[in-house]
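Note sheet for the following structure.
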Amino acid sequence: MRVLADEGREAREDLQVRSGEGGGVEVVVACGASSRGPADHLRGVLGELGAEVLVDGVAVRPGHPQLLARLPGGTLVVGLPGNPFAALAAAMTLLVPVLRGMRGSGVRRESSALAGPVRAHERDTRLVPVLRSGRGAIPVGHDRPGSLWGAALAEALAVVPPGWSGEQVELIELPTGG
């Protein structure tokens, strides 16, 4: 693992070295540079390097300003949001599937009823930290983008689509601390 520079010019040079001939890097993960603010250089750097943007944000909360791009040499760049829970959510919904796809490994699908109050977002999918129980998935709360408290208490993220009205939801298993 190597930390990339957080300034445009240095980040561009780092990405060129990592993805160039002999770089041997298949995936670069950048955290905190995927949004469109004045301090977010990733999109500009990728444009300068001629990257093909494959995913440019998703309709999910938290974690919407995620990014997936392919550099001309084939290296994938995954941009995660800077807020901790948003970064975890983006990692679980973008980075983990990319890595599983590269390994050729499948994913176990799980669904559950929600055994507790959850408010659906009007237009975006919500990711809600939950614990599994015999009654269904229990929301643990503390699911603000800047806090990992809810995720630390949870076993999975419930995928609550916009307009959700009580039907079963998909669960994304969170890694254990062991």
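- In this structure a side-chain-to-backbone donor-acceptor pair under 3.5 Å is missing from R70 to L54.
- Scanning all heavy atoms of the two residues, the minimum distance from L46 to A69 falls at CD1-CB, 3.8 Å.
- Between E170 and R109 there is a side-chain heavy-atom pair separated by less than 4.5 Å.
- Although no hydrogens or angles enter the test, the distance criterion places no donor-acceptor pair under 3.5 Å between the side chain of T75 and the main chain of E26.
- Contact between P81 and A90 at its shortest, heavy atoms only, is CD-CB, 3.5 Å.
- Shown here for W164 and V118, the closest heavy-atom pair between the two residues is CZ3-O, 3.5 Å.
- The shortest distance between side-chain heavy atoms of E110 and R132 falls below 4.5 Å.
- Remark: the backbone N or O of A137 is paired with a side-chain donor or acceptor of S112 at under 3.5 angstrom.
- Contact annotation: the side chain of V78 never approaches that of L67 to less than 4.5 Å [non-hydrogen atoms, C-beta and beyond].
- When all heavy atoms of A120 and G163 are compared, the closest pair comes out as CB-N, 4.0 Å.
- Residues I172 and V159 meet the side-chain proximity criterion, which asks for heavy atoms closer than 4.5 Å.
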message = Quick one, L88 with L174, criterion side chain to side chain contact (heavy atoms under 4.5 Å, CB included). Give me CA distance, side-chain angles, the key distance, then yes/no.
response = CA-CA 9 Å; L88 175 65; L174 289 170; 4.2 Å; yes
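- Residues M92 and V128 are members of separate hydrophobic clusters, defined by side-chain heavy-atom contacts under 4.5 angstrom among Ile, Leu, Val, Met, Phe, Trp and Tyr.
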request  = Start with the C-alpha gap between V60 and Q66, add the side-chain angles, then the distance that decides, and say whether side chain to side chain contact (heavy atoms under 4.5 Å, CB included) holds.
outcome  = CA-CA 10 Å; V60 67; Q66 51 186 277; 4.0 Å; yes
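- Taking the side chain as every heavy atom from C-beta outward, V169 and S111 never approach each other to under 4.5 Å.
- With rounding to the nearest 0.5 angstrom, the CD atom of E52 is 10.5 Å from the CG atom of L71.
- Among L95, L80, N83, the single residue meeting the side chain to side chain contact (heavy atoms under 4.5 Å, CB included) criterion with C31 is L80.
- A154 and P129 make their closest contact through CB-CB, 3.6 Å (heavy atoms, listed as atom of the first residue, atom of the second, distance).
- Here the side chains of P62 and F85 are in contact, with some heavy-atom distance below 4.5 Å.
- Counting only heavy atoms from C-beta outward, the side chains of R123 and R61 approach each other to under 4.5 Å.
- The hydrophobic cluster containing V96 also contains L99, counting ILVMFWY residues as joined when their side-chain heavy atoms lie under 4.5 angstrom apart, directly or transitively.
- Judged purely by distance below 3.5 Å, without hydrogens or angles, the side chains of E167 and S165 pair a donor atom with an acceptor atom.
- The environment of W149 atom CH2 is sparse: at most 12 non-hydrogen atoms of other residues, nucleotides or ligands sit within 6.0 angstrom.
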ask   = Can V98 and L76 be said to form a side chain to side chain contact (heavy atoms under 4.5 Å, CB included), step by step?
value = CA-CA 9 Å; V98 164; L76 294 175; 3.7 Å; yes
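- Contact between V140 and G150 at its shortest, heavy atoms only, is CG2-O, 3.4 Å.
- Put simply, L171 and L153 are part of two different groups of oily side chains (I, L, V, M, F, W, Y) that touch within less than 4.5 Å, one to the next.
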key: Candidate pair V160 and L114, rule side chain to side chain contact (heavy atoms under 4.5 Å, CB included), full reasoning   = CA-CA 10 Å; V160 181; L114 284 173; 3.9 Å; yes
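- Looking only at side-chain heavy atoms (C-beta outward), P162 and H121 stay at 4.5 Å or farther from each other.
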